[in-house]
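Throughout, protein chains are lettered first and strands after them, A, B, ... in sequence-line order, and every chain is numbered starting at 1. Just so it is clear, the values below take in all heavy atoms, side chains as well, and ignore hydrogens, waters and symmetry mates.
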Amino acid sequence: MKQAIIDVLTQALATCRSQGHLPAEVQAEITLDRTRDSKHGDFASNIALVLAKPAKTNPRALAEKIIAALPPTDAIAKVEIAGPGFINFFLKADSVFAVVKTVLAQAEQFGRSTKGAGQRIQVEFVSANPTGPLHVGHGRGAAYGSALASVLNAAGYNVYREYYVNDAGRQMDILAASVWLRYLELCGEEIVFPTNAYKGDYVWDIAATLHRGHANQCRQSWTDIVKTLPADEPQGGDKEDYIDAIIVQMKARLSAADYRKVFDLGLNVILDDIRDDLQRFSVIYDNWYSERSLTETGAVQRALDKLEENKHTYVKDGAVWFRSTDFGDEKDRVLVRDNGQTTYFASDVAYHLDKFERGFDKVVNIWGADHHGYITRVKGALQAMGIDPNRLTVLLVQFAILYQGGNKMQMSTRSGEFITLRELRKEVGSDATRFFYVMRKSEQHLDFDMDLAKSQSSDNPMYYIQYAHARVSSVLRKAEEKGWIYDQANGLANLDLLKEQHEQALLTSLARYPEVIESAAQYYEPHQVTEYLRELAQHFHTYNNAHKFLVDEVDLRNARLSLVLAVKQVVHNGLTILGVSAPESM
RNA sequence: GUCCCGGUAGCUCAGUUGGAUAGAGCAACGGCCUUCUAAGCCGUAGGUCGGGGGUUCGAUUCCCUCUCGGGACACCA
């Protein structure tokens with residue numbers, strides 16, 4: 001409907017140009033908005049205000065010319081000039097009612113569009129290091145990324161969901177060392193656990209599995225090891241140096257195969273746990289991409305070669321640097337360390353090169369807000385390799401702060417004292433968790449009120465929306481009890497009986513849904529869907545309270561049931577995009 | 001110090017990407033169940049859109065500046 005009006009406006013402008021009311025060189029994008037006030041009709045355009053100056057006339061006079069040039073249309077009842085020169089469009093009743101027919105006919109497909117034109121878009125999200133269970137910070141990225149992917153899919157993009165597994169690098173070595181030390185404790189060694197090692201209980205579990213399967217095979221004398229180590233932090237040393245020294249010892253004392261065994265056990269146990277966790281959170285992926293594979297396939301080397309070929313690297317202090325300052329970065333970045341090891345950044349360059357080599361038109365990364373400094377260098381590297389950096393969009397997700405009983409709950413991965421996504425899910429449920437995570441703009445700090453998320457009352461927006469869905473089902477059950485059979489054909493033939501204000505408001509809300517999906521996709525803002533659903537639910541509840549659906553008059557009853565069934569469908573479609581269930585009863 | 005994000009009702013936040021009289025939910029106050037779920041609805045009150053400049057027909061929205069919060073600034077990942 002919106003597009004249809006934009007089309008006739010475009011034609012009208014063309015006519016104005018040919019008649020000389022508008023200079024041919026004056027161009028403007030037509031904006032058409034839903035009106036806030038029904039006195040202003042259904043849609044309003046500010047085009048006359050925008051073009052008045054270049055056309056050297058006043059807005060109202062230009063608006064008249066434009067209106068006169070509008071081709072006749074079935075859908076529009078009347079057009080008015082209002083205020084300083086707005087053009088207001090009033091839709092015919094028939095075209096307002098038509099949405100019910102469309103919703104019921106298209107069902108799950110209602111709201112889908114072809115705006116994305118099948119463009120291939122990759123969404124990479126969560127990608128947490130497999131060094132421990134997902135915590136509540138990752139949860140927001142998971143809910144947001146998953147909802148965004150669904151929104152893009154509904155808007156006609158060909159979406160590919162990916163998780164980048166950081167299965168290489170120092171943090172993973174620290175995990176392996178942490179597991180090994182716990183294992184040594186199980187073997188009977190008396191050790192002092194390092195400040196910088198992973199202390200969560202899950203490390204004990206992994207160590208126990210190792211001990212069960214391999215007994216004392218990987219056992220080494222802690223007393224011997226300690227002699228080679230510098231002081232740990234509590235003893236006045238450096239905790240980073242200390243843990244690194246342990247890793248060196250571990251690699252020296254275990255065979256390569258045994259080291260890999262400990263390393264992979266930790267990796268696989270945790271990765272399986274993450275997969276399971278996300279699956280229960282209704283977050284699914286098309287692919288899990290291994291960082292380690294980038295080294296193994298030579299992708300990292302290829303990326304480094306490409307940067308070197310294009311003369312964007314140099315050697316200093318024994319390290320290979322990327323001249324990222326040429327692309328707006330504050331300082332140049334190391335690709336290969338003086339010890340010969342490539343950095344995480346080098347893997348990232350290779351990974352992003354690979355993404356575009358795989359043929360995605362657009363790539364979206366969802367990162368924690370603490371990674372914002374990386375955007376410039378990654379985009380710089382893309383540019384340095386001859387790829388348009390604008391094809392990459394990085395969306396930052398701020399941390400969520402949990403509140404329970406009015407108190408802030410803190411977390412920290414390394415200390416082992418953190419709230420896991422799993423705990424949050426079990427506490428407030430998957431539906432409410434997902435809904436609350438996407439309720440706010442991603443780049444905004446989120447106050448996550450656990451008490452509210454758990455509460456089963458109208459204060460809780462998720463329950464409020466789900467209840468609208470359940471309420472329609474309840475009405476249908478009631479109709480059945482009364483022996484009244486819903487006749488959809490009859491209902492659709494009598495939609496013109498829906499004259500109440502509440503009904504008109506609902507019809508407009510329903511018609512807006514496809515526009516909301518497109519907008520949410522265009523701006524990467526799934527929270528537009530939560531806002532919309534709350535509003536739709538509110539219109540429904542208000543209507544429900546003011547009017548009875550199950551009236552004696554058959555025609556009116558069928559018409560109203562058709563309307564509320566359409567509401568139910570749209571609520572279902574919207575909640576599905578958000579990864580939230582739509583219950584039949586509550 | 002540099003760079004991001006934010007400041008809208010007592011609280012948590014929307015605000016259709018520059019439009020018409022700035023909205024919602026809590027909290028406060030007053031109403032509505034012999035009825036398809038009161039897990040709901042209606043009403044009242046509540047504002048210098050952080051301050052100050054600028055851009056223009058028009059600014060909560062864009063630009064500059066100041067201010068106050070939060071965060072990021074590795075040869076870690």
Side-chain angles (χ1 to χ4, degrees), chain A residues 31-37 39-40 44-46 49-50 52-53 58-59 82-86 88 128-129 131 166 168-174 240 244 291 316-321 330-331 333-339 341-345 347-348 368-376 396 398-399 401 403 439-441 443-447 449 452 455-461 463-464 466-468 470-479 481-482 512 515-516 519 522-523 527-528 530-532 534-535 537-538 540-551 560-561 564 585-586:
Chain A
T31 57
L32 186 71
D33 295 319
R34 288 271 174 188
T35 56
R36 194 169 297 169
D37 188 335
K39 287 201 290 288
H40 299 139
S45 177
N46 62 354
L49 292 158
V50 175
K53 196 167 204 180
N58 76 71
F86 290 103
N88 292 340
N129 288 347
T131 52
N166 298 119
R170 179 166 173 267
Q171 295 304 325
M172 289 305 297
D173 282 330
I174 295 177
E240 305 290 350
D244 283 340
E291 178 189 357
K316 191 184 87 181
D317 302 333
V320 179
W321 298 70
E330 296 165 355
K331 54 172 288 192
R333 306 293 171 175
V334 172
L335 292 163
V336 186
R337 283 185 259 165
D338 57 7
N339 65 8
Q341 285 186 334
T342 55
T343 58
Y344 168 84
F345 176 57
S347 298
D348 235 5
D370 53 337
H371 284 65
H372 99 260
Y374 282 84
I375 300 174
T376 312
L396 299 179
Q398 292 283 351
F399 290 122
I401 303 159
Y403 287 87
M439 221 166 35
R440 305 283 175 238
K441 272 198 183 101
E443 70 264 27
Q444 204 150 3
H445 295 273
L446 171 70
D447 286 334
D449 184 339
L452 179 62
S455 80
Q456 308 201 348
S457 75
S458 59
D459 308 358
N460 182 340
Y463 272 86
Y464 187 74
Q466 286 186 325
Y467 180 42
R471 222 171 188 178
V472 176
S473 304
S474 173
V475 168
L476 292 174
R477 284 193 296 269
K478 209 74 191 178
E481 279 174 30
K482 294 193 179 200
R512 272 185 56 221
E515 295 160 25
V516 170
S519 173
Q522 183 181 352
Y523 298 107
H527 81 274
Q528 288 191 24
T530 65
E531 279 296 314
Y532 166 80
R534 206 184 43 71
E535 187 196 300
Q538 181 167 26
F540 171 76
H541 288 307
T542 304
Y543 175 41
N544 170 78
N545 205 257
H547 301 282
K548 211 172 156 109
F549 311 148
L550 298 177
V551 292
R560 286 187 169 170
L561 286 176
V564 298
S585 68
M586 293 172 74

Student: Tell me the partner of B:G19, counting only Watson-Crick (N1-N3 plus N6-O4 or O6-N4) or G-U wobble (N1-O2 and O6-N3) with both under 3.5 Å; none if nothing fits.
Tutor: B:C57

Student: Can you work out whether A:F549 or A:K441 has the more 5'-proximal nearest nucleotide on RNA chain B?
Tutor: A:K441

Student: Is the base of B:U17 syn or anti, where syn means the angle lies within 90° of 0?
Tutor: syn

Student: Would you mind classifying the nucleic acid contact of A:H541 as base, sugar-phosphate or nothing, using non-hydrogen atoms under 4.0 angstrom?
Tutor: sugar-phosphate

Student: Considering only side-chain heavy atoms of A:T35, which listed nucleotide, B:U16, B:A20, B:G15, is closest?
Tutor: B:A20

Student: Choose from B:U16, B:G70, B:C76 the nucleotide whose nearest atom is closest to any side-chain atom of A:D33.
Tutor: B:U16

Student: Hey, are the side chains of A:N46 and A:T31 touching, using non-hydrogen atoms and a 4.5 Å cut-off?
Tutor: yes

Student: Under 4.0 Å from OP1 or OP2 of B:G58: is there any side-chain N or O of A:K53 that close?
Tutor: no

Student: Any idea which of B:C75, B:C41, B:C57 is nearest the A:Y464 side chain?
Tutor: B:C41

Student: Regarding A:K482, tell me which of base, sugar-phosphate or nothing describes its non-hydrogen contacts under 4.0 Å with the strands shown.
Tutor: nothing

Student: Please classify the nucleic acid contact of A:S585 as base, sugar-phosphate, or nothing, using heavy-atom distances under 4.0 Å.
Tutor: base

Student: A:D449 near the nucleic acid: base, sugar-phosphate alone, or nothing, with a heavy-atom cut-off under 4.0 Å?
Tutor: nothing

Student: For B:C76, take OP1 and OP2 only and decide whether either is under 4.0 Å from a side-chain N or O of A:T343.
Tutor: no

Student: Both distances below 3.5 Å, Watson-Crick or wobble geometry, any strand: find the nucleotide opposite B:G6.
Tutor: B:C68

Student: When we call it a touch if two heavy atoms are under 4.0 Å apart, what does A:E515 touch: a base, just sugar-phosphate, or nothing?
Tutor: nothing

Student: Which whole-number value in Å describes the distance from A:Q528 CD to B:A14 P?
Tutor: 11 Å

Student: Pick base, sugar-phosphate or nothing for A:A479, based on heavy-atom distances below 4.0 Å to the nucleic acid.
Tutor: nothing

Student: Evaluate whether the aromatic ring of A:H40 and the six-membered ring of the B:A20 base sit under 5.5 Å apart, centre to centre, with an inclination under 30°.
Tutor: yes

Student: Would you say the side chains of A:Q171 and A:T131 form a donor-acceptor pair under 3.5 Å?
Tutor: no

Student: Under 3.5 Å for both donor-acceptor distances, Watson-Crick or wobble: does B:G25 have a partner, and if so which one?
Tutor: B:C11

Student: Which part of the nucleic acid, if any, lies within contact of A:N88, taking any heavy atom under 4.0 Å across all strands shown: a base, the sugar-phosphate backbone alone, or nothing?
Tutor: base

Student: Does any N or O donor sit under 3.5 Å from an N or O acceptor when you compare the side chain of A:R512 with the base of B:U16?
Tutor: no

Student: From the list B:C75, B:U56, B:G19, which nucleotide is the closest neighbour of the side chain of A:V50?
Tutor: B:G19

Student: What integer distance in Å separates A:E443:CD from B:G7:C1'?
Tutor: 14 Å

Student: Select base, sugar-phosphate, or nothing to describe what A:A319 touches, counting heavy atoms under 4.0 Å on all strands.
Tutor: base

Student: Rounded to the nearest angstrom, tell me the gap between atom CZ in A:R34 and atom C1' in B:A14.
Tutor: 18 Å

Student: Among the nucleotides B:A24, B:A20, B:C75, which one has an atom lying closest to any side-chain atom of A:Q538?
Tutor: B:A24

Student: Syn or anti: how is B:C41 classified when any glycosidic angle within 90° of 0 counts as syn?
Tutor: anti

Student: Base, sugar-phosphate, or nothing for A:A168, non-hydrogen atoms under 4.0 angstrom?
Tutor: sugar-phosphate

Student: Considering only B:G25, B:C36, B:A20, which nucleotide approaches the side chain of A:R36 most closely?
Tutor: B:A20

Student: Out of B:G70, B:A20, B:C73, which has the shortest distance to the side chain of A:E330?
Tutor: B:C73

Student: Would you indicate what A:H527 reaches in the nucleic acid, counting non-hydrogen atoms under 4.0 angstrom: base, sugar-phosphate, or nothing?
Tutor: sugar-phosphate

Student: Sequence neighbours left out, what passes side-chain contact (heavy atoms from CB on, under 4.5 Å) with A:K39? Give chain and number order.
Tutor: A:D37

Student: Please classify the nucleic acid contact of A:N339 as base, sugar-phosphate, or nothing, using heavy-atom distances under 4.0 Å.
Tutor: nothing

Student: Counting heavy atoms from C-beta on, name the nucleotide in B:A24, B:A20, B:C75 closest to the side chain of A:F86.
Tutor: B:A20

Student: Does the side chain of A:R471 come within less than 4.5 Å of A:F540's, by heavy atoms?
Tutor: yes

Student: Let's test this: given Watson-Crick or G-U wobble pairing with both distances under 3.5 Å, identify the partner of B:C32.
Tutor: B:G40

Student: Between B:C76, B:G15, B:G6, which nucleotide has the shortest distance from any of its atoms to the side chain of A:Q444?
Tutor: B:G6

Student: If you assign A:T31 and A:Q398 each to the RNA chain B nucleotide with the nearest heavy atom, which residue ends up on the more 5' nucleotide?
Tutor: A:Q398

Student: Considering only heavy atoms from C-beta outward, does the side chain of A:R170 approach that of A:E240 to under 4.5 Å?
Tutor: yes

Student: Less than 4.0 Å between a side-chain N and a carboxylate O, is that true for A:R440 and A:D447?
Tutor: no

Student: Answer yes or no: is there a donor N or O on one side and an acceptor on the other, between the side chain of A:N460 and the main chain of A:L452, under 3.5 Å?
Tutor: yes

Student: So, OP1 or OP2 of B:A38: does either fall under 4.0 Å of a side-chain N or O from A:R471?
Tutor: yes

Student: In this structure, how many angstroms lie between the C1' atom of B:U12 and the CD1 atom of A:I401, rounded?
Tutor: 12 Å

Student: Starting at atom CD of A:E531, determine the distance to atom P of B:G25, rounded to an integer number of angstrom.
Tutor: 11 Å

Student: From the set B:U16, B:C13, B:C3, return the single nucleotide nearest to any side-chain atom of A:D447.
Tutor: B:C13

Student: Should the side chain of A:N46 and the base of B:G19 be counted as holding a donor-acceptor pair, with the cut-off at 3.5 Å?
Tutor: yes

Student: For A:M439 and B:G15, what is the distance between atoms CE and C1' respectively, to the nearest whole Å?
Tutor: 16 Å

Student: Please classify the nucleic acid contact of A:S474 as base, sugar-phosphate, or nothing, using heavy-atom distances under 4.0 Å.
Tutor: base

Student: To the nearest Å, give me how far apart CG (A:L32) and P (B:U17) are.
Tutor: 10 Å

